[in-house]
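What follows is a single structure, written as structure tokens, with notes after it.
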Amino acid sequence: MFCSRYLEEHLKSPYDNTSEGEVIMMQQIRETWKTIVEQELIAYATEKLESGDAIREAGPLIVQKPPKSEMGDLAFPLFIYAKVLRTAPQKIAEILRDRLSGRQDLPAGELLAAGPYLNVRVDLDALAQQLYAVVSKQGDSYGTNSSLSQKRIMVEFSCPNTNKPLHLGHLRNDAIGESVSAILTANGAQVHKVNLINNRGVHICKSMLAYQKFGNGETPQSSGMKGDHLVGKYYVKFSQWEKEDPSATEQAQEMLMQWEQGNPEVLALWKQMNQWTLEGLAQTYANTGISFDAYYYESETYMLGKDTVMQGLEKGVFYQEEDGSIWIDLTPINLDKKVLLRKDGTSLYITQDIGTAISRHADWPFDSLIYVVASEQMYHFKVLFYILKQLGYSWAADLHHLSYGMVNLPDGKMKSREGTVVDADNLFDELTQMAMNEIKEKDREDEIKDVGATSKAIALGALNYYLLQVNPTKDMVFNPAESISFNGNTGPYLQYMGARISSMMRKFAAVQDEYENILFDSSLLALHEERELVKLIAVFGEAIEEAGRNLNPAIISSYLYDLSRLFSKYYHDYPILRAETPPLVKARVTLVTMVLQVLRNAYALVGIPFLETM
RNA sequence: GCGCCAAUAGCUCAGUUGGAUAGAGCAACAGCCUUCUAAGCUGUAGGUCAGAGGUUCGAGACCUCUUUGGCGUACCA
């Protein structure tokens with residue numbers, strides 16, 4: 001995928017410029033051991049072959065994680081050195097283990113020859129102690145890094161049409177856009193979130209025309225409908241009418257021309273209906289936690305697009321057909337040709353996108369602009385980027401399409417004509433209602449201060465997690481029955497962990513004084529689950545870095561799930577507040593506090609609201 | 001036709017970028033609430049990683065072909 005490769009180029013290794021206080025500890029431990037093993041390997045080869053070159057030629061030493069924690073924390077596969085050393089990898093592992101075991105200058109840890117691997121069980125006491133210092137100092141910023149700190153990244157997402165309400169596909173777009181923005185910010189980038197309102201074009205005229213014919217002056221107030229739903233009703237009406245009257249499409253095309261020519265009546269209707277839709281959309285955004293730093297409107301950028309196309313024609317980048325339409329030849333990139341301006345002079349989707357890109361770079365010069373747009377539009381962006389490049393904009397190379405897959409239903413694609421589109425507002429309301437029922441069923445109403453707000457937060461967590469569990473590039477199936485389940489690998493499961501820890505912390509606060517003078521002793525955290533928790537906490541920053549590099553929020557989702565599941569088991573099996581001794585209580589509470597902090601930080605990256613109680 | 005993308009348990013998805021016995025959730029079955037929130041925990045069962053070749057010490061991952069599905073190839077957006 002070219003956009004991840006792009007970011008990789010622009011992403012210095014986060015470990016090159018690790019500043020003080022910004023510590024990625026597990027990485028350091030890994031690097032330290034890697035250097036040690038590598039040196040020993042070369043030393044051994046030098047003794048045996050009189051040179052260590054063969055080792056370097058065979059390939060770099062790789063560090064991995066053993067499949068099971070009993071096997072240690074780090075693994076060095078030695079297969080690739082077998083040939084040059086003329087020794088079985090099992091034997092190399094043993095030799096290295098024995099040689100290294102004799103050294104006194106190594107960090108604490110245990111060496112294991114595990115078949116063809118040399119494994120290391122690292123000393124986690126020191127790590128846990130250091131983690132505690134770092135997590136409590138950094139708090140909400142724990143896990144962030146500065147790998148993109150010099151970068152200004154604009155992220156475009158959502159981009160609704162003003163002729164209908166948002167549906168499930170938009171929700172995926174919004175969730176990805178918002179999450180990717182948060183992840184890039186956590187990697188230190190300066191992020192500018194922009195929306196583009198598709199408020200002009202023949203499809204907009206369709207709902208206007210139908211309203212004009214059948215609307216009878218209906219308004220959101222008079223009908224009690226949310227503005228976007230009202231406008232959407234007439235868009236649907238148009239397609240019905242279109243079937244009966246073949247001239248409908250022509251009439252819509254005619255209206256578009258009127259609109260571009262500034263017909264006052266058409267403009268007034270357009271403004272009115274746009275406003276209704278935008279008010280409705282604003283509500284949906286507010287519910288789903290979506291926000292933007294800037295809005296762009298097609299109606300304001302299409303003229304620039306038209307002008308640019310005309311200039312391109314003069315410069316000879318484009319050409320004109322006899323009927324007056326303007327085209328670009330795409331044979332240099334193995335495509336056919338593309339129309340940029342209709343024969344009647346009205347602009348197209350791509351025309352305005354040219355204008356929008358140019359005005360954006362002028363408004364907020366970026367190092368990178370990421371378009372979060374469905375994969376169906378890969379061709380569109382390929383062409384758009386090529387056009388801008390041909391027009392001579394140097395920043396055209398910094399444009400990237402984060403193409404995400406479609407959201408399908410179990411029985412196939414969503415089709416508006418067949419009424420199988422999942423409406424965003426309805427879905428959200430349904431989820432909220434489900435959450436509320438759940439709260440009542442569990443008899444939690446007395447504990448929860450604001451049941452309404454909590455229900456919404458649970459609905460939002462469920463929705464965002466459902467949408468962000470899947471790698472954005474892949475198509476996904478939205479199963480309504482499954483999406484409203486709050487058990488298992490779901491947003492509420494994750495929220496529940498945060499709520500239970502919070503509850504525990506409230507109880508601990510009452511007795512905190514008794515533990516004031518007990519120091520955190522990480523050596524007491526010797527359980528398997530405790531070691532694993534420490535390691536996971538330590539590796540959070542790497543998950544953020546990886547999610548940023550791949551523009552993939554699912555990496556955070558799956559990190560969150562791993563952490564939650566591990567914690568859940570730990571919490572189920574071992575007492576925390578009622579641990580055997582006060583120092584052990586202190587140690588476990590400290591660990592759990594770190595888990596909570598990481599949960600909160602991770603929630604924020606994938607749009608899961610944190611709940612103190614649920 | 002051409003181009004792009006995908007195929008992993010009955011279903012929905014992971015799979016550390018080529019390493020050890022392919023993992024979760026849902027659904028099914030069997031257990032666990034006088035104990036820090038049972039939106040939880042444990043166990044059982046479930047796999048020819050679409051198929052065939054190839055590269056490699058080593059392939060679910062890389063290459064080729066085949067099959068199946070999706071998307072695109074609009075003077076729609």
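Everything numeric here is computed off the predicted structure, so don't read it as measured data. Here is the naming used below: chain letters follow the sequence lines, and residue numbers restart at 1 for every chain.
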**Study point:** Minimum-distance nucleotide (side-chain atoms of A:F79 versus B:C36, B:A20, B:C57)
**Key:** B:C57
Practice item. Using salt bridge (Lys or Arg N to Asp or Glu O under 4.0 Å) as the criterion, list what pairs up with A:K442, not counting sequence neighbours. Key: A:E438
Review point. Quick one: is A:K569 getting a side-chain N or O under 4.0 Å of the B:G40 phosphate, OP1 or OP2?
Key: no
Practice item. Return no unless some side-chain N or O of A:N487 is found under 4.0 Å from OP1 or OP2 of B:G40. Key: yes
**Study point:** pair A:L41-A:L96: side-chain heavy atoms closer than 4.5 Å
**Key:** yes
Practice item. Could you work out which one of B:C41, B:A20, B:U21 sits closest to the side chain of A:K68? Key: B:U21
Check your understanding: Angle class for the A:W241/A:F238 ring planes (parallel below 30°, perpendicular above 60°, tilted otherwise)?
Key -> perpendicular
Review point. Which label fits B:C5, syn or anti, where anti is any glycosidic angle not within 90° of 0?
Key: anti
**Study point:** A:R200 NZ/CZ over A:Y302 ring centroid, <6.0 Å and within 45° of normal
**Key:** yes
Review point. Does a side-chain N or O from A:K442 land closer than 4.0 Å to OP1 or OP2 of B:G40, or not?
Key: no
Check your understanding: Within the structure shown, what part of the strands sits under 4.0 Å from A:Y493 by heavy-atom distance: base, sugar-phosphate, or nothing?
Key -> sugar-phosphate
Exercise for review: Give, ordered by number, those residues of residues 430-438 of chain A having at least one heavy-atom distance below 4.0 Å to an atom of RNA chain B; if nothing qualifies, reply none.
Suggested key: A:E438
Check your understanding: Counting only N and O atoms by type, is there a donor-acceptor contact under 3.5 Å from the side chain of A:N199 to the main-chain atoms of A:T162?
Key -> no
Practice item. Check whether more than 12 heavy atoms from other residues, nucleotides or ligands sit under 6.0 Å from atom NZ of A:K65, and answer yes or no. Key: no
Review point. If the C1' atom of B:G10 is compared with that of B:A45, how far apart are they to the nearest Å?
Key: 12 Å
Point to revise | Nearest listed nucleotide, side chain of A:M406, among B:C36, B:A39, B:C71 | key: B:C71
Revision key, fill the gap. Of the candidates B:A24, B:G70, B:C36, the side chain of A:P575 sits closest to B:C36
Exercise for review: Check whether any side-chain heavy atom of A:F318 lies under 4.5 Å from a side-chain heavy atom of A:V309, and answer yes or no.
Suggested key: yes
Practice item. Determine, for nucleotides 5-14 of chain B in 5'-to-3' order, which nucleotides have protein heavy atoms under 4.0 Å from the base (write B), from only the sugar-phosphate (write S), or from neither (write -). Key: --S----SSS
**Study point:** Side chain of A:K83 (C-beta onward), nearest among B:C57, B:U37, B:A20
**Key:** B:C57
Check your understanding: What's the base orientation of B:U73: syn (chi within 90° of 0) or anti?
Key -> anti
Point to revise | A:E612: salt bridge (Lys or Arg N to Asp or Glu O under 4.0 Å) partners, not counting sequence neighbours | key: A:R506
Check your understanding: What string of B, S and - do you get for nucleotides 72-77 of chain B, 5' to 3', if B is base contact, S is sugar-phosphate-only contact and - is no contact with any protein heavy atom under 4.0 Å?
Key -> SS-BSB
Check your understanding: Taking only residues at least two apart or on different chains, which pairs with a member in residues 67-77 of chain A satisfy salt bridge (Lys or Arg N to Asp or Glu O under 4.0 Å)?
Key -> A:D73-A:R531, A:D73-A:K535
Review point. Between B:G40, B:C36, B:U17, which one does the side chain of A:I576 approach most closely?
Key: B:C36
